[in-house]
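For this chain, numbers begin at 1 and follow the sequence in order.
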Amino acid sequence: MGKRDDLIAKYADDLKNKCGMTPDMDLLTKVTIGCGPAIYNADASTVAGTQASELETVKNNFLIKKLGLADSPKLMEAIDSVLDTYGKSERNKYRAVVYYMLTKHFGKESAYQ
């Protein structure tokens with residue numbers, strides 16, 4: 001297995017054990033690939049849940065640009081909800097896992113067809 005496969009397995013483990021979800025491996029793989037080289041960078045591969053600027057980036061670059069959602073307070077509510085599910089105390093919130101949960105939350109799997 002390659003490095004990306006190892007990371008996808010780690011993300012699937014987080015979804016199962018930390019978020020209580022059974023991951024759709026096909027979608028998780030597509031979301032991970034969509035994150036590009038960021039998944040290999042220790043800083044870029046995680047979402048800093050306490051930094052407002054980081055959450056704005058997730059909202060603008062992922063929810064609005066990638067998933068095509070209209071800007072509204074519901075976007076930040078969804079991000080907060082996903083971070084709560086992941087666990088506020090969880091230090092490493094992987095970007096691919098957060099993006100996967102947001103994709104599922106908004107039913108936007110079609111963005112990865």
Checklist entry - Are M25 and M21 grouped together when hydrophobic residues (ILVMFWY) are joined by side-chain heavy atoms under 4.5 angstrom apart? => result yes

In the structure I gave you, are the side-chain heavy atoms of N61 and K66 within less than 4.5 Å of one another anywhere?
no

### Check: Y86 and D14 side chains under 4.5 Å, non-hydrogen atoms
yes

Any side-chain heavy-atom pair of T22 and K16 under 4.5 Å = no

* Return yes if a side-chain donor-acceptor contact under 3.5 Å exists between D26 and Y112, otherwise no. => no

From the list T103, T46, V82, side chain to side chain contact (heavy atoms under 4.5 Å, CB included) partner of V98 resolves to V82

For K93 and K88, the nearest pair of non-hydrogen atoms, with its separation, is NZ-O, 3.5 Å

Distance col, row L55:CG vs L83:CG, nearest 0.5 angstrom, shows 6.0 Å

| side chain to side chain contact (heavy atoms under 4.5 Å, CB included) assessment of K65 paired with N60 | CA-CA 6 Å; K65 288 181 184 167; N60 293 324; 5.6 Å; no

For E77, the salt bridge (charged side-chain N to carboxylate O under 4.0 Å, His left out) test, sequence neighbours excluded, returns none

Here the pair of heavy atoms bringing C35 nearest to I39 is CB-CG2, 3.6 Å

Taking C-beta and beyond as the side chain, do Q113 and K30 meet within less than 4.5 Å on heavy atoms? yes

inquiry  = Quick test of your reading of the model: are K10 and D6 salt-bridged, counting only N-O distances below 4.0 Å?
reply    = no

Between A111 and L67 the two heavy atoms that sit nearest each other are CB-CD2, 3.6 Å

d(M101 CE, I79 CD1) to nearest 0.5 Å is 11.5 Å

- Message: Same cluster or not: L15 versus I33, using hydrophobic residues (I, L, V, M, F, W, Y) connected whenever any side-chain heavy atoms lie under 4.5 Å apart?
- Response: no

The reported gap from CD in E54 to OG1 in T57 (rounded to nearest 0.5 angstrom) is 5.5 Å

Is there a donor-acceptor pair under 3.5 Å between the side chain of Y100 and the backbone N or O of T29?
-> no

On a heavy-atom basis, the closest approach of T85 and C19 is CG2-O, 3.8 Å

Within-4.5 Å side-chain heavy-atom neighbours: M76 and E56
yes

Hits for side-chain hydrogen bond (donor to acceptor under 3.5 Å, both in side chains) against Y99, two or more places apart or cross-chain, chain-then-number order -> R95

So NZ of K74 and CG of L63: to nearest 0.5 Å the spacing works out to 13.5 Å

Residues P23 and L28: closest non-hydrogen pair is CB-CD2, 4.3 Å

All heavy atoms of L75 vs all of D71, minimum pair found to be CD1-CA, 3.7 Å

For D13, the side-chain hydrogen bond (donor to acceptor under 3.5 Å, both in side chains) test, sequence neighbours excluded, returns N17

